[in-house]
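Right, one structure below, let's go through it.
Numbering of ligands and ligand atoms starts at 1, following listing order. Residue numbers count from 1 along this sequence.
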Amino acid sequence: MTELTHPLATVPRDELVARAEADPHRPRFHFVSPAGWLNDPNGVSQWNGTYHLFYQYNPEGAFHHRILWGHATSPDLVNWADQPVALEPSDGPDADGCWSGVLVNDGGTPTLVYSGRLGERELPCVAVGSPDLLAWTKAPENPVIPAPPAGVDITAYRDHCVWRQGTVWRQLVGSGIRGRGGTAFLYESADLRRWEYIGPLFIGDAASGDQAAADWQGTMWECVDLFRAGGGTLGAGALGDRTPGTDVFVFSAWHDGDTRHPLYWTGRYAGDSYTPRELHRLDYGGRYFYAPQSFADGSGRRVMFGWLQEGRTEAAMVEAGWSGVMSLPRVATLDPDGELSFAPVPEVASLRRDHVRIGPRTVGASEVLAGVAGHQLDLELDLEMEPGSVFRLGILATGAEETVIEVGYDVGSGGFPQSYVLLDREHSSLDRTVDAEEKSGPVHLPGGKLHLRVLVDRSALEIFANGKPLTARAYPTLGGEAVRLSAAGTVRLQQLDAWRMEGVFGGPRPLFP
Ligand code: DQQ
């Protein structure tokens, strides 16, 4: 029987919105749910010019339970209007939750493919939308795939990537094969309702690498996403041909209930399989940019959203009345090394106010910037670093608290030159219950040149160092607003541009728009 009240539903529903709005850690220019719980982006798309963002939503409180699909629309990927809940559990295969999925255009009919949850099991379901995408009707055929592939010992089975290939639909469902590794099962259909199983697209190797490593593949792949980057069409051309572009396979590495981190393979999808070339980390913040989903918008850009998980305790989230932040939409491109490079969509610049420009000058031992301070900031820096130098940018700083972004250029380590971006949260917060783990990853700095973009939205931080993203959260207690620069070795600041960022929501929003 479905539980009516969850043990974590301790905050009365009519108090959730007020609690959420009063929280100083709640971002103001990132998308957040009206209150309650938000996780994965779903059905990200542009339809007749309007952008649609659906999301995993629990309006009962800030915990993951009996998930609905929240819905918001935008003309510009920046300003969002809440829309009625798109999907909610009902008797049948999604009675315990409408889990993650995608939106496709079925000959002009908006159609959702999602994971219906019943008991401990998820199965593929379909819902059809009204022309304005505001009313959704579940398909009578649900679940459209009645069971995972027979005879395979799987770790889990959910989440979808669906695309049109010639005259048919193809679908991937994320999974893992016990004792082997993560996988995605490939299916084909003429009508999105009857699916023929083809086989595993390819299978990862959970035994390769250290389980604690930031690029461990996990035992199950959540939220699989396959797209062609750098030109050409997914599925066009045979293996080894000269069709341009790289097929990128994104997944979120999961293990035994633990949401680890998003990774991607570069490689080539041809016929019924994918030949992986290289595995990469998608975001150096790991679990703070989880379950990403992407789409090609009308202008052909590959736009990606991810879920910024919280770094505070379950009890703190419940008390706050809200949990989970959607990343700013970011554009993914292929860099000359064949890896993904990211930048927030340029539309985000429309929120910039009170411009301050500093530089050129040499960065000294430590300097608090005059005229640049705040909890909602967009900072863009161009730097030239000498080999062996380290640059630090402190944000949300005051007295005993400071969050530090550090970039090292050719800093010898173990005899090898190394360049990196790092987020040091050791002194971010006097609250010792929040996560303070260091996050870092390698960055290329050709000729010592660094373009650093830092978006601060209260507890939500998005950092891009020469296109490599590092997303995370910080929860300072003292309300610090200062920005501080420091350097060890020679670092020249060519230019720093800073803006205060406007919020995108006018005030409290109803839990059920
Ligand atoms: N969250 C969804 C699942 C997905 C997971 C459930 C990833 O469909 O696998 O809310 O965060």
Side-chain angles (χ1 to χ4, degrees), residues 6 8 33 36-44 53-71 85-89 93-103 112-127 142-143 145 148 154-162 171-176 182-185 204 217-225 249-264 282-283 285-294 304-311 314 317 323-327 471:
H6 192 276
L8 288 174
S33 63
W37 170 274
L38 165 150
N39 60 301
D40 314 353
N42 293 153
V44 296
L53 170 64
F54 301 84
Y55 56 93
Q56 296 278 286
Y57 182 35
N58 178 16
E60 197 188 345
F63 52 93
H64 187 267
H65 179 66
R66 201 179 172 270
I67 294 293
L68 280 51
W69 275 41
H71 184 196
V85 160
L87 291 177
E88 58 179 311
D94 64 4
D96 292 315
C98 300
W99 282 22
S100 283
V102 293
L103 182 144
L112 303 177
V113 181
Y114 66 101
S115 290
R117 177 169 167 93
L118 179 63
E120 294 294 307
R121 169 179 163 118
E122 293 87 43
L123 288 172
C125 291
V126 163
N142 285 341
I145 299 176
I154 56 168
T155 48
Y157 177 83
R158 58 175 171 265
D159 309 335
H160 314 265
C161 175
V162 182
Q171 169 170 204
L172 295 174
V173 181
S175 191
T183 192
F185 293 119
Q217 296 175 31
T219 53
M220 190 260 163
W221 294 350
E222 296 194 298
C223 300
V224 294
D225 188 15
F249 178 90
V250 176
F251 65 99
S252 289
W254 180 94
H255 174 60
D256 205 12
D258 200 6
T259 53
R260 290 290 176 89
H261 40 240
L263 301 173
Y264 67 96
L282 186 81
D283 187 298
R287 65 180 283 278
Y288 288 110
F289 187 84
Y290 197 75
Q293 191 182 96
S294 72
M304 184 180 283
F305 287 88
W307 164 40
L308 278 61
Q309 303 200 45
E310 298 294 327
E314 184 181 79
M317 292 190 254
S323 172
V325 177
M326 204 54 78
S327 73
T471 306

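Between Trp99 and ligand 1, no pair of N/O atoms sits closer than 3.5 Å. At least one N/O-N/O distance between His64 and ligand 1 falls below 3.5 Å.
Residue Asp40 places a heavy atom under 4.0 Å from ligand 1. Residue contacts with ligand 1 do not include Trp254, since none of its heavy atoms lies under 4.0 Å from the ligand.
Counting protein heavy atoms only, atom 4 (C) of ligand 1 is closest to Asp159 OD2, 3.2 Å. Counting only heavy atoms of the protein, atom 10 (O) of ligand 1 lies nearest to Gln56 OE1, 2.6 Å.
If you run side-chain hydrogen bond (donor to acceptor under 3.5 Å, both in side chains) between Ser115 and each of Arg158, His160, Arg121, only His160 comes through.
Close approach of ligand 1 to Ser100 is summarised as follows: ligand atoms under 4.0 Å from at least one heavy atom of the residue are 2 (C), 8 (O). Counting the atoms of ligand 1 from 1 in the order shown, those under 4.0 Å from a heavy atom of Tyr290 are 7 (C), 11 (O). Residue Arg158 approaches ligand 1 through these ligand atoms, each under 4.0 Å from one of its heavy atoms: 3 (C), 4 (C), 8 (O), 9 (O).
In the model, Tyr57 has no side-chain atom that pairs as donor or acceptor with a side-chain atom of Asn39 under 3.5 Å. A donor-acceptor contact under 3.5 angstrom links the side chains of Thr259 and Gln309, judged on distance only.
The aromatic ring centres of Trp254 and His261 sit 6.0 Å or more apart. Taking the centre of each ring, Phe54 and Trp69 come in below the 6.0 Å mark.
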Between Asn42 and Gln56, does the side chain to side chain donor-acceptor pair (under 3.5 Å) criterion hold? Intermediate values first, please. CA-CA 7 Å; Asn42 293 153; Gln56 296 278 286; 2.8 Å; yes
Stepwise, does the side chain to side chain donor-acceptor pair (under 3.5 Å) test hold for Tyr288 with Glu310? CA-CA 7 Å; Tyr288 288 110; Glu310 298 294 327; over 6 Å; no
